[in-house]
Structure formats: C-alpha cells, structure tokens
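Single-structure report; data block below.
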Amino acid sequence: MLDSLLALGGLVLLRDSVEWEGRSLLKALVKKSALCGEQVHILGCEVSEEEFREGFDSDINNRLVYHDFFRDPLNWSKTGEALPGGPLGALRAMCKRTDLGPVTIALDSLSWLLLHLPCATLCQTLHAVSYQDSCPPGDGSPVGKVHVLGLLHEELHGPGPMGALSSLAQTEVTLGGTMGQASARILCRRPQQHPTDQTQWFSILPDFSLHLQEGPSKEFQPQSDPHIPLVDPMAHLTFNLHLSKKEREARDSLTLPFQFSSEKQEALLRPRPSQATSHIFYEPDAYDDLDQEDPDDDLDI
Amino acid sequence: MATVATCGGDAVGVGSAVATASKSNVTSFQRRGPRVSGTNDSGPRLVSITGTRPSVRNGQLLVSTGLPALDQLLGGGLAVGTVLLIEEDKYNIYSSLLFKYFLAEGIVNGHTLLVASANEDPANILQELPAPLLDNCKKEFDEDVYNHKTPESNIKMKIAWRYQLLPKMEQIRPVSSSRFGHYYDASKRIPQELIEASKWHGFFLPEKISPTLKVEPCSLTHGYIKLLQFIQNIIYEEGFDGSNPQKKQKNILRIGIQNLGSPLWGDDICCTENGDSGHNLTKFLYVLRGLLRTSLSACIITMPTHLIQNKAFIAHVTNLSDTVVGLESFIGSERETNPLYKDYHGLIHIRQIPRLNNLVCDESDVKDLGFKLKRKLFTIELESGFAFFHSAHF
C-alpha cells in the first residue's frame, strides 16, 4: 500500500511525531518519484539543502528542483536567487505550470508553512495545486498528475488546523510503531467512497529505499486487541429475552384463542348430544343461600 | 415569508392582469373574468408553481428536499424562503448525497439551480447527480425492497395475524414527476438530457476570485461577498423576488452551497479557536436569509461542523439557520461494530425545525433516527429494537 501511495494523486499528509520521524519516509517517496521519471520540486523550509540532499545519489540529486527557504526565509539578502513571494508564491507558480507530465511536490515541512502562513490561505493554495489534474485545460491536453507530499508534525498543531488539513488531504499517513519497528497507518479518502484504513509495517534503508515488512512477531499484537468489549445489549436484563429450544417448541405448538383451526371447526360442527333441551349446570357457591322458601321476604318494603 | 410570497404571487398575478388591461387603452374598470384582456394572459389564475405544495398545517409553501423520508420528518417539506443546514458527517459522504438529492429534485421539477462550491466545479457536481426513479422503474424498485428482507421478518405474525396482510409503511411506491417528492437511484447518474434541459448557474470560488499575494484580514469575507452578490444578481435578474413581473410561470430558485465555512472559502473558523473571524460566517448567513425571505427560493448548505473548534459558534450558526439536520456516520467509529447499530450507516439528528408564522414548531418526539443507504435508496428509520439500551450504555 505504501508504494502505491503516489498513484492516487492529490495531497498526501505524512504525520509524524517526536518518536517516529517522517523525513526519511518523505525522502524515500521523493526518491521513488525521481526514479519513476517524474519532475520533483522540493520546498525546503525546515532543514538546509545539504542536509536534505544527503543520502541521495548524484543522479537523483540532479533531478530534484530545490526551492530553498531555509537559508533566507524572509528574503533579507535581496539577491536575485530568492524567489519572490516566499513559499506561497512558489506554490502558486507551480499552479500555473504549463508543461505536462506528472509532478511531485514535497513540502518540507507543511508544519513550517502552517506556522508562518494563515491556515485558510495555505489550504486554498494546496487545493489549487493538488486538484489541477481534475480540471483539464481548455485545449484538451491531459495534464499529468500532481502529487503533493506534506510533512506535518502533528504535535505542533492543535486539532483545528490538523482537522482542516485532514479534510483536504486525499491520503493521510500517520507514523507510529512498536518495539523499534515503524508502521504507517494509511487512511485513504476517495471522493464519494468509503475511506480505507490500512496499516503497513516498513523500514527505510540507508539509501532511502522503502522496505515493506510483515509486521512484528505475533505475540506483540494482542496487546492492542479490543480492550473495548463487544457490547451485548441482551446482557444484564431482569427478564429473559432468549428462548431455549424446548421453550421455543412449546411456544410454537401453542394454539391461540382466536385461530380458527380444524379442531375447533370439528367441535362446532359435531352434532351435540342433546340438542332439544337445554340444561343449566349450576354449582352453588359457598355463600349461596339455598333456602327455597325464603324469597327475600325479610325485606321490609 | 413564503406565505407572503404566495399572497404576493397572487397579487402580482392580478396586478399583471390589470396592467395588461390598462395597456390595451380601455378603462381600468374591467370585469374580472377569463377574457379580461386581449393578450394571451388569461387573467388572475391560481399561482401554482411546479414542485411545491402548501403545508397542511399552516399553508406555508413547501418544496421537497429530494428525500421523502426527510420531508416527512421536517413536517412535509422545506419551506420556501428558508435555509436547510446540514452538518456534515466526518468524511462528507452522506451529506454530499443529500446535497445532490436536493439539486436533482430541482432538476426533475424544473426549478432553476444555483450551485456554489469552493472545492468542486459545479458542472462536475451536476454530472454526479443521482438518476430519478420514475414509474417505469417500479418493478426494479419492488425487487430491491423485497430482496433485503431479513430472515426474522419472514416469521409470520401469530398473534396479530390480521396485520400480516397490511403493507409496511416504508414501502411507498415511486411516484411520477407530477407529484411531490421523488425517489432517486444513487447508483446511476442523471441522464445528460435532463441536465441540459435544466437551467443552472454555477459559482466556483477559485474562478471568481484571483489569489492575490497580499494576505489581508478583510480578504476573508471576499469569497462570501462575491457569493452574496452573485445570488442577489440571479434573484434580481430572473425575477425570483417579483421585481420584474413575469409573464411566464413563476419558478423556484434552489440554491446549494457546499462546504460553507471550510478553509477553502477563505474562512478560518475551522482552524482557530477564538471567534474573531466567526463574524464573517454569521454575517453571511444573516444576509443570505434576508435574500431568501424576499424571494421564491430555498437553500441547502452543508457545513463541516465537526471541524469547527468553537462549539458556541455552532449554536450561533444553528440560530441563524432555519432547519438544521446533523448527520453522524459510523465509519471509523467504535459504533461501527456495535450490534445495536449494525443495520444502519449512521444517525441523523434533527437539531432544529423553524417556527414560521407559528408559535410552535413541528418537532417530532422521535429522537433516535438512523439512516441507511441501501443499494438504491436512502432510508431514514426509527432505530428498531433496543432504544432503551441506548441510554443505558451511552
């Protein structure tokens, strides 16, 4: 799954934390796109260019187009090399590109951009950059896919900006892991479809190639198993909702009072033994007065 | 208000008849009858707009929301001149479906549409509308409903055996296009000729505003101001507010605004906790409601309220809207595996129903409503069974 991350296009968020850093994964994905022949732009804001290029081969380094905002972020030196408009201007310039072919833009890091730019403007610019391929230009020529990889340090931001960026992103990769093995939880939001959630164990080799792994040994896994018990609504009742087999059979064989069954029909149609006379069957109560000669004469009217 | 609009509509109808009578150079004292003037205007007639009906409770003019089940919960439909606010579910799957049902209902009834979005081109949104189920699809509809019978429902009723023969309430047949409220097939797209025959206006925010390099605080309202101006222009030019007396049949304007309040509109209410910029959205809703009340229009807005950090703000937004419906889907939450909710895809909360020309509103007593998206149909049902367990466990 990790290796097909770039196939989807759009904004990919790499959320890392202090324990599990994400820059090596970012560099691994950058290397992968460079090897696929895509154009790669790097917006370097957090680390210096030398540090970012460290570990890459020379042919990959030659393919990377690096926009350096680390050395002089506010453009104080006013030399011609610094790009006008800062990182936002650079991103907007990438929106207006006219050359075709797939492009990967790596933002190192998106956290830096979030802290220096207003969140709404950043979201609008990212949306404009990453959704270029859904609106083809007027001449009908297909524009290649744009992949935007953003490194986001999730501990630096509150739930507001994180939620806003998550809703904008096509794919969200959260880095974690146990016992020295890194894992990536990949949440893929496709429009109008259910999001998919997968976890992939991986490691990054020293030359920044991605090595997918099986996962840690099985004995560690039950720890994360459901400590949330499955809720059974039928438990702890004062009455019984379940029927045993015998009870169910007894219930099924019960005849109901108003059902017109064949036995009842026969009983009604069966000729009565004595139909001419009618008998009254009376059983006296304990309180009944059976004195025939006393027809309420004691009543004084 | 919409009742005023209907009376106003009647008045305009009469007025236009009188106006045309006076144009034909006779005295203005005319006998009101079917042949009052020489023009083809047939005099004062009952102003009935397709796709609307008066409410049985207070005579309010209602339009369908596109989902007959939701219409029933809202007391017959959505009142003309009001706003329906939908609080989006987390991944915006079901709220966008309701949005599309609303627009598709407008197309089927021949209403004019106005679609505004900051993240998708309105033309693309219209391409993805669901296809209406008309009478010739009745047989497929029946099959679909009966195929979903669970084994428990096949047990014949033993005690109340006379009720077996009665049909269940939710098996309502799909209706033809002359009725109020239609059914849609969510798996099929609306036929292209219906879209082309309909009249629609689109507002796609990235096209309307040019990104300037200066980042000013007042630019937050820029997108909203543009949208309000756009809506106002359409209402005025096409005469939905009665400003240009129309000879032709009156129509309803259905406005759909997607993801209002998200950062793509330039609003950072979802990003920050303090309520400084919250006034942009509240002002927008206030002005929008003013525009709607004075015109024959109905509006649906979807808002990602799960992203809004300031919870008091959600209360402000609820007060400024008329009907508020919240969707909560079970995807990704622990309720997905809960056996109580296994039949449903999510919960639907009716947060507010307006009191229009009334002292009371049509609030139903039922609070536990779940929705599910079957293969073709979006149904809203009372959560069957163990409703009292709900309160015990949560």
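By convention in this document, chain letters (A, B, ...) are assigned in the order of the sequence lines, proteins followed by strands, and residues within each chain are numbered from 1. These values consider heavy atoms only, across backbone and side chains, with no hydrogens, waters or symmetry-generated copies.
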Toward chain A, the part of [X] with a non-hydrogen atom under 4.5 Å:
X: B/L264; result: both
X: B/N259; result: neither
X: B/S262; result: neither

Value rounded to 0.5 Å, distance of [atom1] in [X] from [atom2] in [Y]:
X: A/S166; Y: B/Y91; atom1: OG; atom2: OH; value: 9.0 Å
X: A/M162; Y: B/L307; atom1: CE; atom2: CG; value: 12.0 Å
X: A/S167; Y: B/K90; atom1: OG; atom2: NZ; value: 11.0 Å
X: B/L205; Y: A/Q124; atom1: CG; atom2: CD; value: 6.5 Å
X: A/H194; Y: B/H345; atom1: NE2; atom2: NE2; value: 5.5 Å
X: B/D268; Y: A/L122; atom1: CG; atom2: CG; value: 12.5 Å

| field | Residue selection (most heavy-atom pairs with chain B, distance under 4.5 Å) from A/G158, A/P195, A/G163 | value |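 The residue among A/G158, A/P195, A/G163 with the greatest pair count is A/P195.
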| message | Around atom NZ of B/K311, are there more than 12 heavy atoms from other residues, nucleotides or ligands closer than 6.0 Å? | response |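 Yes, because the 6.0 Å sphere around NZ of B/K311 holds more than 12 heavy atoms from other groups.
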| said: Please classify the contact between A/L168 and chain B as side chain, backbone, both or neither, with a heavy-atom cut-off of under 4.5 Å. | reply: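 For A/L168, the side chain is the part near chain B, not the backbone.
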| task | Taking all non-hydrogen atoms of both residues into account, name the closest pair between A/P159 and B/Q309 and its distance. | result |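 Looks like CG-OE1, 3.4 Å.
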| task | Grab the two heavy atoms, one from B/P263 and one from A/A164, that are nearest each other, plus how far apart they are. | result |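 Here B/P263 and A/A164 meet closest at CG-CB, 3.6 Å.
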| Student check: side-chain heavy atoms of B/T272 and A/C119 closer than 4.5 Å |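 B/T272 does not reach A/C119 side chain to side chain.
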